[in-house]
Number of protein chains: 2
Amino acid sequence: MAYTQNVTDSCLPECGVARFLALLNGPWATLVVRELLSGTRRFTELRDALPGISPHTLTNRLRQFEKYGIVVRTAYPEIPPRVEYRLTPLGEGLRDVLDAMNTWALSIPEPVPAQ
Amino acid sequence: MAYTQNVTDSCLPECGVARFLALLNGPWATLVVRELLSGTRRFTELRDALPGISPHTLTNRLRQFEKYGIVVRTAYPEIPPRVEYRLTPLGEGLRDVLDAMNTWALSIPEPVPAQ
DNA sequence: CAGAATCCTGTGTGATACTG
DNA sequence: CAGTATCACACAGGATTCTG
């Protein structure tokens, strides 16, 4: 396993946890999903909602999600262009996972590490 | 935010999801937790249960978990040495998150990407 | 057995500039 | 607006060797 498992041209791992990690890899991926859980978003809206993310990274994550069927990209042939991203039902299913993360984080006693 | 947010010498992010990502960073971290959810494990047992992980990486993850109060390390002064790792109550709380990941992964229709 | 030390690599990401 | 292109970097991780 390299830094990130190559899932592009191979099948997903057996273990569900490993599958999740293979698809939502990197620090930004899950945060992008978090934003999309609020509803359909445009490229700029996502970028603005995720302070620090570069267009390069945002594009990469969205493209990957699209490929895996987590996100649907809709481009409107207008000028200026308008593109909207929304979660598929599969992507919507990630809400439970993110909720679990959130719930767990609330159980952290201190602003760890309390040193 | 660098590649991975530096949480070592700063406070955790506000958002729970971001907190989770800051503490369980990298592809191996969550898998180590997955193994420990089955019970106390020795160093070698973890290494063997995680095919491909290097002692270097395993050590790093365990040390980080220890620092964050997710894992407790117990060294027995024997020869040969014996060291056991077990989850703290905080670490046990991660079970719900991993379960959610697993459940979600089961909803993936195909061995994505089907092609 | 349970690592520590050293060196190296892969890749997610950042910064900046540019385009249809 | 919604990206793409290019260069460069930080850090998780791998391989190997070695030790109390």
Side-chain angles (χ1 to χ4, degrees), chain A residues 1-10 18 21-33 35 40-68 71-86, chain B residues 1-10 18 21-33 35 40-68 71-86:
Chain A
M1 189 197 260
Y3 166 67
T4 293
Q5 192 174 46
N6 183 6
V7 76
T8 304
D9 43 6
S10 65
L21 297 172
L23 265 47
L24 281 82
N25 53 329
W28 282 117
T30 308
L31 296 177
V32 172
V33 171
E35 291 307 315
T40 300
R41 290 287 181 274
R42 299 179 62 172
F43 187 87
T44 309
E45 291 173 335
L46 287 172
R47 196 188 53 196
D48 294 346
L50 297 167
I53 198 172
S54 63
H56 178 64
T57 297
L58 182 54
T59 298
N60 283 353
R61 294 305 95 199
L62 289 171
R63 290 284 183 276
Q64 186 176 351
F65 289 157
E66 206 186 341
K67 177 162 61 179
Y68 295 151
V71 159
V72 169
R73 177 182 185 271
T74 310
Y76 298 90
E78 308 171 352
I79 300 225
R82 180 166 58 101
V83 178
E84 290 184 344
Y85 296 93
R86 63 175 175 80
Chain B
M1 190 196 260
Y3 166 66
T4 293
Q5 191 175 46
N6 183 5
V7 77
T8 305
D9 43 4
S10 64
L21 296 172
L23 264 47
L24 281 82
N25 53 331
W28 281 117
T30 308
L31 296 176
V32 172
V33 171
E35 291 309 313
T40 300
R41 290 288 181 273
R42 300 179 62 172
F43 188 87
T44 309
E45 291 174 335
L46 288 172
R47 196 188 55 197
D48 294 346
L50 298 166
I53 197 172
S54 64
H56 177 64
T57 298
L58 181 54
T59 298
N60 283 353
R61 295 303 96 202
L62 288 170
R63 290 284 182 275
Q64 185 176 351
F65 289 157
E66 207 185 340
K67 179 163 59 182
Y68 296 149
V71 159
V72 168
R73 177 182 186 272
T74 309
Y76 298 90
E78 307 172 351
I79 301 224
R82 180 166 58 100
V83 179
E84 290 184 345
Y85 296 92
R86 63 174 175 81

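Side chains included, hydrogens not; waters and symmetry mates left out as well; all remaining heavy atoms used. Predicted model only: the values in this text are computed from it and were never measured. Just so we're on the same page: letters track the sequence lines, and every chain starts at 1.
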Phosphate OP1/OP2 of dA2(D): any R73(A) side-chain N/O under 4.0 Å: no

Minimum-distance pair of heavy atoms, taken over all atoms of P27(A) and L21(B): O-CD1, 3.6 Å

Expressed in angstrom and rounded to an integer, what is the separation of R61(B) atom CZ from dG13(D) atom C1'? 9 Å

Between Q64(A) and A22(A), the two heavy atoms sitting closest are NE2-O, 3.9 Å

Considering every strand and a 4.0 Å limit on heavy-atom distances, what is the contact class for R47(A): base, sugar-phosphate, or nothing? nothing

Any R42(A) side-chain nitrogen or oxygen under 4.0 Å from OP1 or OP2 of dA2(D): yes

Distance in angstrom units between L62(A) CG and dT4(D) C1', rounded: 14 Å

For dG3(D), take OP1 and OP2 only and decide whether either is under 4.0 Å from a side-chain N or O of R63(A). yes

Closest non-hydrogen atom pair between A49(B) and E35(B), with its separation: CB-OE1, 3.4 Å

Side chains of N60(B) and W28(B): does their closest heavy-atom pair fall under 4.5 Å? no

What is the distance, rounded to the nearest whole Å, between atom CD of E66(B) and atom P of dG3(C)? 9 Å

Rounded to the nearest Å, what distance is computed from the CG atom of residue L21(B) to the C1' atom of nucleotide dT13(C)? 15 Å

In whole angstroms, the gap separating P of dC1(C) from CZ of R41(B) amounts to 17 Å

Please confirm whether the shortest side-chain N or O distance from T57(A) to OP1 or OP2 of dT13(C) is below 4.0 Å. no

Just how far, in rounded Å, is P of dA2(C) from OH of Y85(B)? 8 Å

Taking OP1 and OP2 of dG3(D), is either one under 4.0 Å from a side-chain nitrogen or oxygen of T59(A)? no

Could you state the atom-to-atom distance from CG of L50(A) to P of dT13(C) in whole Å? 11 Å

Looking only at side-chain atoms of P55(B), point me to the closest of dG12(C), dA4(C), dG13(D). dA4(C)

Contact between L62(A) and L46(A) at the side-chain level, heavy atoms closer than 4.5 Å - yes or no? yes

Indicate, with a heavy-atom threshold strictly under 4.0 Å, whether N60(B) touches base, sugar-phosphate, or nothing. nothing

Want to settle it: does H56(A) or P81(A) sit nearer the 5' end of DNA chain D, counting the closest nucleotide to each? P81(A)

Integer-rounded Å distance: dA15(D) P and W28(B) CH2: 11 Å

